[in-house]
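What you see below is based on every heavy atom in this structure, not just the backbone, and it leaves out hydrogens, waters and symmetry mates. Labels below follow one simple rule: chain letters A, B, ... track the order of the sequence lines, proteins then strands, and each chain is numbered from 1.
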Amino acid sequence: MTSTNPFGEFRNECGAALRDALAKVKHLPQPSLLSLNPPPSVEFGELASSLCFDLAKQTGKKPFELAEKIAKMIDVSEYSLIVSVKAVGGYINFYADFPKFAALTLGSIKELDEKYGFVEIEKPYTFIVEHTSVNPIHPITIGQARNPVLGDTIARLLRARGHSVKRHYYIDDVGRQSAVIAYGYLKLGKPKPKGKPDHFIGIIYTATSCITEIQRLKKQLENTTKTNTPTEEKQKIQKQLDEWIDVAAEMEDKHPELFRKLREEISKDEDPESVINELNRAYEAGEPKTKTLIREVCELVLEGFKESLSRMGIFYDSWDWESSFSWSNEVSNVIEALKKTPYVYSEKDVLEFDAEKVAKDFELKKKLGLRDDYKVPSLTLVRADGTTLYTTRDVAYSLWKFKKAQKVINVVGMEQTLAQMQLKLALYALKHGDYAENLTHFAYNLVTLPGYKMSSRKGHYITFDEVMDEATKRAYEEVSKRSPDLSEDEKQKISKTVGLGAVRYSLAEVDPTKPVVFTWDRVLNFEKNSAPYLQYSHARACSILRKAAKPTIKPNFALLVDPIERETVLSLSRFPETFIDAADNLKPHSIADYANALSDKFNTFYAKLPVIKAKPEPLSTARLVLVEAVRVVLRNALIILGIEAPEKM
RNA sequence: GGGCGGGUAGCCUAGUACGGAUAGGGCGCAGGCCCCCUAAGCCUGUGGUCGCGAGUUCAAAUCUCGCCCCGCCCGCCA
């Protein structure tokens, strides 16, 4: 017998037993919830119900009396997986028939193998998961890296759940920053990148920002002397200027040739600012020369991104250019459509969207989790110069996404909560409330550095590449130290698996709503609660299986009497429930948590009990089956996390 | 000022949707374990006003209200 969800089977039996018993006891109200939960300790069984406390309130009877009465009504012989039911202190505790339950769990894992745990949903949807979408202006920083890891893990969860999932990258090529780089790139004579292209363009971005900012601030300062500006204001400008001058010194030191050439070229322009603005305008308008230029720069950066992300096992099904929506009239169509609603008005020369009025008219405050008296800020749709803003274009993009999918998940930092809300309100205004309701803003918290603030414009950041490189290097040292007998080739391979796994795990492991402070310690953790720990557990299981002779004697699961054996089986049986919860409620970190807990059980088992040498044979075989099951489940969990499961390390 | 998110031992963290039994881990610190399938491991110990205060309840880390601290947002940036 196999089950896609062994613990679920047991849970169903307990539920049925409870309902049955309740029906037999007179004068009891039918409770809406059975309150079946795993008890704090195995001594209380595998599942326990606290519903007698609720019933006690309603009937005026004592909880422990009710519990005893109900427990007595349950005839365990009617159920295959329940061996006994005990009433303790008002709780009703259910004990699993362990040999049967172990046979069901371990048998199912063996049978389902790479499918075990991935219970498919009855009604699958088509999904678009938009994630990463890092602006192509500099290398991906460690601060941004949480996004692709979370997004990719969510996509893996949903796919395994049976949904049809497309992973989209939204390329933010419209906007001032792209114009800044294009300007610098042009001034340098469209140089061929030295080194990794995203790093190279990142340098141009910082250098160009730096040079133009210094010029701008200097001019501003000159004006202040003419116009009698308060000293406070002057000091503020001076402070900004000083900061940029520091950056300039850094840049000149690190990239003297490039920086000097750029400075020289830019100084030839009377007003660099207006050239940049003109580039931005021309790009959005789709003027061919600018199109070619900016696309060329973006493509270079994306090439670098693809390389970085592929190291983490992260890939995309679609690369969506923001500019395409401007050029194809989809953005202007959205603006026209919005103009026809009562929610758009002109103020001076700009077009504003009255998000507050939509929220009120459609009675959405409660739905969006807002107070009635909260006023949603309005959103500017079009600038005075006729160019559009990010969220405006995002409305067009969202409409496009919903032509391709029933549900859309935007993996976007929580700092954009307001913008995402305004986006939804715009969809309502366009009579696409259905889209808004199928749009999930998966908001995650920031990754920060301890002590100082990352600034991508100023070039002060730790790149994702650096972190991956360092982790791989550290892993190599560890592998060499711990497994000196491995071949050089194996060492290289394992250190990559382990190092990159450690990085990915450290970003996936924490509840996404919590802020993360980046420390090397967190990422370079190769001990407990880390990818290497899970990988090591997996490798240990593989090692036993490798060394064991093929099982010939029938396993006897009744011989698995040690508490740790039972706890390991129990943990294995719960993987499907954990997976369902993680997929349906978008909780990628709970898979990491689960895999870590399972590894804990397995390592305790490993240290305590022999497998191959265990006597009698049916016990040895039973343990071998258990080890095999741990191997399978750990590997499956690691696949969801996008982490490789090595057989040796 | 308003909104959103977070606050669990010295540090990091699970649990909060749907209230249940002694709040589960890890790092650190102190000590112990390779006769034995990989010591990236195992065992023992140490450490908690679950931000604070009320309330609801037989029962609150979890629900309600008020307050405090941290972060982010409230742009003709993205």
Side-chain angles (χ1 to χ4, degrees), chain A residues 33 35 37 39-41 43-44 48-51 53-54 56-57 62-63 88-91 93 133 135 172 174-177 322 347-352 369-371 373-377 379-385 387-391 393-394 412-419 421 443-446 448 475 478-479 481-483 498 509-511 513-517 519 521-522 525-530 532-537 539-548 581 585 589-590 592-593 596-597 599-600 603-614 623-624 627 648-649:
Chain A
L33 281 168
S35 305
N37 289 304
S41 155
E43 64 176 299
F44 301 123
S49 173
S50 59
L51 97 167
F53 294 97
D54 289 324
K57 195 190 305 180
K62 297 216 159 75
V88 181
Y91 294 92
N93 297 334
S133 306
N135 292 3
D172 206 346
V174 184
R176 232 193 85 92
Q177 346 84 354
E322 189 179 6
E347 200 175 65
K348 292 169 202 159
D349 286 327
V350 309
L351 207 61
E352 286 282 320
L370 299 169
R371 283 192 196 207
D373 53 358
Y374 171 70
K375 298 261 178 292
V376 186
L379 171 75
T380 303
L381 295 169
V382 182
R383 290 189 188 95
D385 70 357
T387 56
T388 57
L389 284 105
Y390 177 81
T391 308
R393 300 187 294 265
D394 209 5
V412 172
M414 56 152 281
E415 71 275 11
Q416 291 193 45
T417 304
L418 176 59
M421 196 190 306
Y444 62 94
N445 218 314
L446 261 42
T448 53
E478 294 293 323
V479 178
K481 200 165 69 193
R482 299 177 203 260
S483 308
V498 167
E509 166 229 6
V510 191
D511 180 340
T513 64
K514 301 215 179 196
V516 164
V517 177
T519 57
D521 271 7
R522 188 192 278 277
N525 176 20
F526 292 174
E527 292 178 359
K528 290 196 75 166
N529 193 22
S530 72
Y533 178 64
L534 309 186
Q535 292 167 323
Y536 180 67
S537 308
R540 274 184 140 181
C542 290
S543 175
I544 293 179
L545 295 165
R546 207 164 38 234
K547 290 192 175 155
D581 177 55
N585 299 308
H589 70 290
S590 66
D593 205 54
N596 189 55
S599 297
D600 285 345
N603 282 305
T604 301
F605 162 82
Y606 184 97
K608 191 175 179 188
L609 303 167
V611 175
I612 296 169
K613 289 182 182 168
R623 285 187 182 156
L624 215 46
V627 173
K648 274 187 198 174
M649 59 185 281

Peer 1: With a 3.5 Å cut-off and just heavy-atom distances, do the side chain of A:N93 and the base of B:A21 make a donor-acceptor pair?
Peer 2: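 Pair found.
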
Peer 1: By nearest heavy atom, map A:Q416 and A:K57 onto RNA chain B; which one lands nearer the 5' end?
Peer 2: A:K57

Peer 1: For the P atoms, the ones on B:G19 and on B:A60, what distance do you get once it is rounded to whole angstrom?
Peer 2: 13 Å

Peer 1: Would you give the length of the straight line joining atom CZ of A:R176 to atom OG1 of A:T387, rounded to the nearest 0.5 angstrom?
Peer 2: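 One finds 12.0 Å between CZ of A:R176 and OG1 of A:T387.
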
Peer 1: Looking only at heavy atoms, which two atoms of A:V350 and A:R383 are closest? And how far apart?
Peer 2: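 Closest pair (atom of A:V350, atom of A:R383, distance): CG1-C, 4.0 Å.
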
Peer 1: Could you give the distance separating B:U44 and B:G24 at their P atoms, to the nearest angstrom?
Peer 2: 14 Å

Peer 1: With sugar-phosphate meaning primed atoms plus P, OP1 and OP2, does A:K648 contact a base, only sugar-phosphate, or nothing at under 4.0 Å between heavy atoms?
Peer 2: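 Here A:K648 touches the bases of the nucleic acid.
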
Peer 1: Suppose you measure atom C1' in B:C50 against the same atom in B:G41; what distance do you get, rounded to whole Å?
Peer 2: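 That atom pair is separated by 31 Å.
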
Peer 1: Using a heavy-atom cut-off of 4.0 Å across all strands, would you classify A:R623 as base, sugar-phosphate, or nothing?
Peer 2: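 Nothing, no heavy atom under 4.0 Å.
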
Peer 1: Using a 4.0 Å heavy-atom cut-off, does A:G90 contact any base of the nucleic acid, only the sugar-phosphate backbone, or nothing at all?
Peer 2: nothing

Peer 1: At 4.0 Å (heavy atoms only), tell me whether A:M649 reaches a base, stays on the sugar-phosphate, or touches nothing.
Peer 2: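 Base contact - A:M649 has a heavy atom under 4.0 Å of at least one base atom.
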
Peer 1: Considering every strand and a 4.0 Å limit on heavy-atom distances, what is the contact class for A:A48: base, sugar-phosphate, or nothing?
Peer 2: base

Peer 1: Can you give one letter per nucleotide of nucleotides 5-13 of chain B, 5' to 3': B if a protein heavy atom sits under 4.0 Å from the base, S if only from the sugar-phosphate, - if neither?
Peer 2: SSS----SS

Peer 1: Is the shortest side-chain N/O distance from A:R371 to OP1 or OP2 of B:G3 below 4.0 Å?
Peer 2: yes

Peer 1: Search all heavy atoms of A:F526 against all heavy atoms of A:P532 and return the closest pair with its distance.
Peer 2: CD2-CG, 3.6 Å

Peer 1: When we call it a touch if two heavy atoms are under 4.0 Å apart, what does A:P377 touch: a base, just sugar-phosphate, or nothing?
Peer 2: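 Answer is sugar-phosphate: A:P377 comes under 4.0 Å of backbone atoms only.
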
Peer 1: Is any side-chain N or O of A:K547 closer than 4.0 Å to OP1 or OP2 of B:U38?
Peer 2: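 Looking at the OP1 and OP2 atoms of B:U38, one of them is under 4.0 Å from a side-chain N or O of A:K547.
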
Peer 1: When the C1' atoms of B:A59 and B:U22 are compared, how many Å lie between them, rounded to an integer?
Peer 2: 15 Å

Peer 1: Check this one for me: any side-chain N or O of A:R383 less than 4.0 Å away from OP1 or OP2 of B:C77?
Peer 2: yes

Peer 1: So what does A:L609 touch, heavy atoms closer than 4.0 Å: a base, only the sugar-phosphate, or nothing?
Peer 2: base

Peer 1: Does A:Y533 put a side-chain nitrogen or oxygen below 4.0 Å from OP1 or OP2 of B:A39?
Peer 2: no

Peer 1: Does some side-chain heavy atom of A:N596 sit less than 4.5 Å from a side-chain heavy atom of A:E509?
Peer 2: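 No, every pair of side-chain atoms sits at 4.5 Å or beyond.
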
Peer 1: Which glycosidic conformation, syn or anti, is assigned to B:C34 if syn requires a torsion within 90° of zero?
Peer 2: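 Syn conformation here, the glycosidic angle of B:C34 being no more than 90° from 0.
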
Peer 1: In whole Å, measure the gap between the P atoms of B:G2 and B:A21 for me.
Peer 2: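 Comparing P positions in B:G2 and B:A21 gives a spacing of 37 Å.
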
Peer 1: When you measure from the side-chain N and O atoms of A:R176 to the phosphate of B:C77, is any distance below 4.0 Å, counting only OP1 and OP2?
Peer 2: no

Peer 1: Select base, sugar-phosphate, or nothing to describe what A:E43 touches, counting heavy atoms under 4.0 Å on all strands.
Peer 2: base

Peer 1: Need one value for A:V382: base, sugar-phosphate or nothing, where a base atom within 4.0 Å counts as base even if backbone is also close, heavy atoms only.
Peer 2: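 The residue A:V382 makes no contact with any strand.
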
Peer 1: Using a heavy-atom cut-off of under 4.0 Å over every strand shown, decide if A:Y91 touches base, sugar-phosphate, or nothing.
Peer 2: base

Peer 1: Between the base of B:G41 and the ring of A:Y536 - centre-to-centre under 5.5 Å, planes within under 30° - is that a stack?
Peer 2: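 Not stacked by the 5.5 Å and 30° rule.
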
Peer 1: For A:L545, answer base if it contacts any base atom (sugar-phosphate contacts may also be present), sugar-phosphate if it contacts only those atoms, and nothing otherwise; contact means non-hydrogen atoms under 4.0 Å.
Peer 2: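 Nothing, no nucleic acid heavy atom in range.
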
Peer 1: Considering only atom C1', compute the distance from B:A9 to B:G26 and round it to an integer number of Å.
Peer 2: 12 Å

Peer 1: Looking at B:A17, B:C72, B:A21, which one has an atom nearest to any side-chain atom of A:D581?
Peer 2: B:A17

Peer 1: I'd like to know if the side chain of A:N603 pairs up with that of A:S537 as donor and acceptor (distance under 3.5 Å, no hydrogens or angles considered).
Peer 2: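 Yes, side-chain donor-acceptor contact under 3.5 Å.
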
Peer 1: Please give me the minimum heavy-atom distance between A:L534 and A:S599, naming the atom from each residue.
Peer 2: CD2-OG, 3.3 Å

Peer 1: Kindly say if A:T387 contacts the phosphate of B:C76, meaning a side-chain N or O under 4.0 Å from OP1 or OP2.
Peer 2: no

Peer 1: Rounded to the nearest 0.5 Å, how far does CD of A:E347 lie from CD of A:E352?
Peer 2: 5.5 Å

Peer 1: Roughly how many Å apart are B:U13 and B:G48, using the C1' atom of each and rounding to a whole number?
Peer 2: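 Nearest-Å result for B:G48 against B:U13 at atom C1': 14 Å.
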
Peer 1: Go through the structure and list residues passing salt bridge (Lys or Arg N to Asp or Glu O under 4.0 Å) with A:R482, not counting sequence neighbours.
Peer 2: A:E478

Peer 1: B:C76 phosphate, OP1 or OP2: any side-chain N/O from A:T380 under 4.0 angstrom?
Peer 2: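 For A:T380, the contact criterion (side-chain N or O under 4.0 Å from OP1 or OP2 of B:C76) is met.
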
Peer 1: What nucleic acid atoms does A:I612 come within less than 4.0 Å of, heavy atoms only: base, sugar-phosphate, or nothing?
Peer 2: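 Base contact - A:I612 has a heavy atom under 4.0 Å of at least one base atom.
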
Peer 1: What contact category does A:A419 fall into here, base, sugar-phosphate, or nothing, at under 4.0 angstrom with non-hydrogen atoms?
Peer 2: base

Peer 1: Scan A:S543 against the nucleic acid and name what it touches under 4.0 Å (heavy atoms): base, sugar-phosphate only, or nothing.
Peer 2: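 Touches a base.
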
Peer 1: Under the 3.5 angstrom rule, does the side chain of A:N445 hit a backbone N or O of A:K514 as a donor-acceptor pair?
Peer 2: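 No: the side chain of A:N445 does not pair with the backbone of A:K514.
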
Peer 1: Roughly how far apart, to the nearest Å, are B:A17 and B:A61 at atom P?
Peer 2: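 After rounding to an integer number of Å, I get 13 Å for this pair.
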
